[in-house]
A.B. asks: 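My questions will all concern the structure given below.
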Amino acid sequence: MGNGRGTVLDLAVAEPGDELDDEERAELHAALAAGLAELRTGGGIDAEELLSELRARG
């Protein structure tokens, strides 16, 4: 991930709550935890690289 610095994003909830049931919420939390673990071990893709790839796809 380049120089080790990233972009800081402010996130806001557009609508309070969601329509996930308990099982779906547990799956979401597990996926978020797995993604965070991957990032902490150097995995993932640089945001600028991702944006460049998406722009190239048109």
Side-chain angles (χ1 to χ4, degrees):
M1 296 229 277
N3 59 14
R5 294 183 296 182
T7 301
V8 176
L9 300 175
D10 291 323
L11 301 178
V13 177
E15 294 182 21
D18 58 44
E19 297 180 12
L20 298 176
D21 63 27
D22 290 342
E23 183 178 339
E24 292 169 325
R25 186 169 288 104
E27 290 175 9
L28 172 62
H29 288 201
L32 291 171
L36 183 56
E38 182 179 348
L39 287 174
R40 288 182 173 155
T41 60
I45 183 171
D46 182 76
E48 290 299 323
E49 182 181 340
L50 174 62
L51 292 172
S52 293
E53 288 181 19
L54 293 174
R55 287 184 188 114
R57 293 180 190 178

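What you see is a predicted model, and the numbers here were worked out from it, not measured in a lab.
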A.B. asks: Return the minimal non-hydrogen interatomic distance between Glu19 and Glu24, and the atom names on each side.
C.D. replies: O-OE1, 3.9 Å

A.B. asks: Would a single hydrophobic cluster contain both Leu54 and Ile45, if residues Ile, Leu, Val, Met, Phe, Trp and Tyr are joined by side-chain heavy-atom contacts under 4.5 Å?
C.D. replies: yes

A.B. asks: Pick from His29, Arg25, Glu23: which one makes a side chain to side chain contact (heavy atoms under 4.5 Å, CB included) with Glu27?
C.D. replies: Glu23

A.B. asks: Using a 6.0 Å cut-off, check whether atom CG of Asp22 has over 12 heavy atoms from anything other than its own residue.
C.D. replies: no

A.B. asks: Can you tell me if CD on Glu53 sees more than 12 non-hydrogen neighbours from other groups inside 6.0 Å?
C.D. replies: yes

A.B. asks: Does one hydrophobic cluster hold both Leu28 and Val13, with members joined at side-chain heavy-atom distances below 4.5 Å?
C.D. replies: no

